[in-house]
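So that the names make sense, note that chain A is the first sequence line, chain B the second, and so on, each numbered from 1.
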Amino acid sequence: MSKLFVQTLRDFPQDADAMSHKLLVRAGYIKKIANGIYSYLPLMQRVLKKVEQITREELNKAGAQELLMPFVQPAELWQKSGRWGAYGKELLRMKDRHDVELCLGPTHEEVITYIADGILTSYRQLPVNLYQFQLKFRDEIRPRFGLLRGREFIMKDGYSFHTSQKSLEEEYENMAKAYKRIFERCGLDTKMVQSDSGAIGGKVSHEFMVLTKTQTGEDDVFYCQNCDYSANSNHAVSILDDEITTTAFNKEEEIHTPNVKTIKDLAEFLNVKENNILKSVMYIVDSKPVMVMIRGDKEVEETKLLNVTGGLEIRKATDDEVLEYTGMEPGYMSYSGLENKIKIIFDKSAKGMKNFIIGANKPEYHIKGVNFKGDINFVDVSLVKEGELCPVCNKPLFVTRGIEVGNIFQLGTKYSEPMKAYYTDENGQNKPYIMGCYGIGITRTAASAIEKHHDEFGIIWPLAIAPYHCVVVPVNIQDELQKEVALKIYNELQNKGVEVVLDDREDRAGVKFKDADLIGFPFRITAGKTVQDGLIEFKTRQTGEVVTMTPDEAVNKVVEEVNKLKG
RNA sequence: CGGGAUGUAGCGCAGCUUGGUAGCGCACCUCGCUUGGGACGAGGGGGUCGCAGGUUCAAAUCCUGUCAUCCCGACCA
């Protein structure tokens, strides 16, 4: 321990918020180099290697093969797939000395597709599943929470190639099972939830979420307690328990509504419910205005809106922009009359509305008793709310926070088609590969384990991913007998394949105990005064349980626990 | 990019209002003493006060600009 490259801190770092971030810095696992960019110090490196190894073992068992692709990628490949333009600012671009455009890899679909195209030429070679552990760089708008969202991070990314959708689906299932086992072995309970596929693309995708009680999770997950439906809020759908809403206003009539700007004001003013009002919200999608008509009590889910409009960037319109496009301040606008000027989206929450209230498209006026006319295409762009009904079984949905540690996608031919990556089928025809893609955030998984396993004293590593299994502490290193017993235990553990540290520092016992708890060694063997009676103290970090026993018993106990991991 | 805050030693902070030789705790080095839950004493090393301008006899302190970091929203493993 006196030689270990680690410096623990007495205080939590000022600039950290998430528990995993605070503990990793304080216990000497990581060092920040720049915003969202960290060095993994020796303790951290050991943890990461263990998470990697578990992942590697399970993927190999599932039939995948490991390779390694470059961190720096040529723009050319991204231009072929069409993502050089579409990926946006998260892609860090640069030029080499010959003025050739390059980027730091945020993901590797382009590279793997290019590789596969040269090698997988026949249907006889398929299916194939390839994966790697690699640094990724995404120039995130706002990195935060330490390793939970860095700009540079370590990811396991895997890609599979198939000749049929059926084969892809089988592999997708296979990977889902492997993922579950990987996270279990890392000491993490995960929930597999439906999700939006974002910039990676494809139709079907699921996320593996570590559910958290704290606010540290960045995603809201909706789930049903009655059936197994669960989905990220950016993808969740629900059935409204008040799908049909109506009012007593059975005749269209303009009403003067001065100083009534919000839905709440309007509902009170007219003595109706918020779900009787058709709300107009304006967004700017890729610099163009889009108006969303949505039931008054519902909110717009921006990812869904982005998907529906096929856009890349989205934000709410400012008051000035609303003025520019509708000629009035927000609060009184409506879609009528604007159909030919701007894009209008009707959310499905509005479908069952009768005799509703709507902006009059002139300042200080609304219209009541309105009904939809003609054929209107309703689409889902709204955010689910807790308590709305499960789309599968009609029971109420619940919401919780989650950290996304893994993600699997059915890509189809999204990359193989534009990149002209073909194989030859039984009939001699060229066909694009049908692809799948599978990611695990290695650094994020390690950090999530801390979010789930810690106490007021420090980290409580699951044994499988702890940097070391055990620490041996002679209370007083000056005491020859204590030193001798500790050294003997240390050597024996090491001989039996246990990863062990001897705390040979001259510090007082308190310092060593505090550090042991902070760093999170799963087991601590203390050689104190009782060595005179041939006894040591055995502490289990997770339970806090302290037992007095002989050195041999302690060694056996640790060896037994470590061997369980292998079994 | 919008809103809020902060930059002084490796870490945590004071000093700034009212300009006048840069401080405290932890960590680090030496010696002594101590050894079951972050001891104690003595001595010591370490900072162009984020950076650049300006005001002034004199700037960590006042003014302007700039950069960086953190927190809240859009991005995602």
Testing the 3.5 Å rule here: is there a donor-acceptor pair between the side chains of [X] and [Y]?
X       : Y       : answer
E207(A) : Q194(A) : no
Y159(A) : D157(A) : yes
E109(A) : T107(A) : yes
T303(A) : D196(A) : no
N129(A) : E171(A) : yes

Name the pairing partner of [N], where a pair is Watson-Crick or G-U wobble with both distances under 3.5 Å, or state none.
N      : answer
C26(B) : G10(B)
G53(B) : C63(B)
G73(B) : C1(B)
U34(B) : none

Can you see if the side chain of T303(A) gets near the phosphate of C75(B) - specifically, an N or O under 4.0 Å from OP1 or OP2? yes
Distance in angstrom units between [X] [atom1] and [N] [atom2], rounded:
X       : N      : atom1 : atom2 : value
E301(A) : C75(B) : CD    : P     : 8 Å
N407(A) : C75(B) : CG    : P     : 14 Å
K514(A) : G36(B) : NZ    : C1'   : 12 Å
R508(A) : G36(B) : CZ    : C1'   : 10 Å
E152(A) : C76(B) : CD    : P     : 20 Å
M155(A) : A77(B) : CE    : C1'   : 5 Å
R149(A) : G73(B) : CZ    : P     : 11 Å
I37(A)  : A68(B) : CD1   : C1'   : 13 Å

Does F153(A) lie flat on the base of A77(B), that is, centres under 5.5 Å apart and planes under 30° off? yes
Does any N or O donor sit under 3.5 Å from an N or O acceptor when you compare the side chain of R524(A) with the base of G37(B)? yes
Could you check which of [options] has an atom nearest any side-chain atom of [X]?
X       : options                : value
V475(A) : A39(B), A77(B), G36(B) : G36(B)
E140(A) : G38(B), A77(B), G36(B) : A77(B)
E537(A) : G36(B), G38(B), A77(B) : G36(B)

Y438(A) ring center near Y131(A) ring center (under 6.0 Å): no
Measuring only the [atom1] atom in each nucleotide, how far is [N] from [M]? A whole number of Å is fine.
N      : M      : atom1 : result
G2(B)  : G10(B) : P     : 33 Å
G36(B) : G25(B) : C1'   : 26 Å
U48(B) : G44(B) : C1'   : 23 Å
C11(B) : G7(B)  : P     : 14 Å
G41(B) : U34(B) : P     : 15 Å
G20(B) : C16(B) : C1'   : 14 Å
G54(B) : C70(B) : C1'   : 29 Å
A60(B) : C49(B) : P     : 6 Å

May I ask you to say what [X] touches in the nucleic acid, namely base, sugar-phosphate or nothing, with a heavy-atom cut-off under 4.0 Å?
X       : value
G528(A) : base
I440(A) : nothing
V405(A) : sugar-phosphate
D517(A) : base

Could you check I477(A) against K31(A) and say which one's nearest nucleotide on RNA chain B is further toward the 5' end? K31(A)
Taking for each residue the nucleotide of RNA chain B with the nearest heavy atom, is it R505(A) or G441(A) whose nucleotide lies nearer the 5' end? R505(A)
Scan nucleotides 22-28 of chain B against the protein and return all N/O pairs shorter than 3.5 Å with their distances rounded to 0.1 Å.
unit_1: C26(B); atom_1: O3'; unit_2: R10(A); atom_2: NH2; d: 3.3

Around K557(A), counting heavy atoms of other residues, nucleotides and ligands shown, do more than 12 lie under 6.0 Å from its NZ? no
Charged tip of [X] within 45° of [Y] ring normal and under 6.0 Å:
X       : Y       : value
R524(A) : F538(A) : no
R93(A)  : W84(A)  : yes
R444(A) : F153(A) : no

Carefully, step by step, assess W461(A) and Y29(A) under the rule ring-ring contact (aromatic ring centres under 6.0 Å, His included). CA-CA 13 Å; W461(A) 286 113; Y29(A) 282 79; 5.8 Å; yes
Could you list all N or O pairs between the protein and nucleotides 69-72 of chain B that sit under 3.5 Å apart?
unit_1: U69(B); atom_1: OP1; unit_2: N35(A); atom_2: N; d: 3.3
unit_1: U69(B); atom_1: O3'; unit_2: K32(A); atom_2: NZ; d: 2.8
unit_1: C70(B); atom_1: OP1; unit_2: K32(A); atom_2: NZ; d: 3.2
unit_1: C70(B); atom_1: OP1; unit_2: N35(A); atom_2: OD1; d: 3.2
unit_1: C70(B); atom_1: OP2; unit_2: N35(A); atom_2: OD1; d: 2.7
unit_1: C70(B); atom_1: OP2; unit_2: N35(A); atom_2: ND2; d: 3.4
unit_1: C70(B); atom_1: O3'; unit_2: D15(A); atom_2: O; d: 3.4
unit_1: C72(B); atom_1: OP2; unit_2: R142(A); atom_2: NH1; d: 3.1
unit_1: C72(B); atom_1: OP2; unit_2: R142(A); atom_2: NH2; d: 2.9

Report the residues that fulfil ring pair (Phe, Tyr, Trp, His ring centres under 6.0 Å) with H108(A), sequence neighbours left out, ordered by chain and then residue number. none
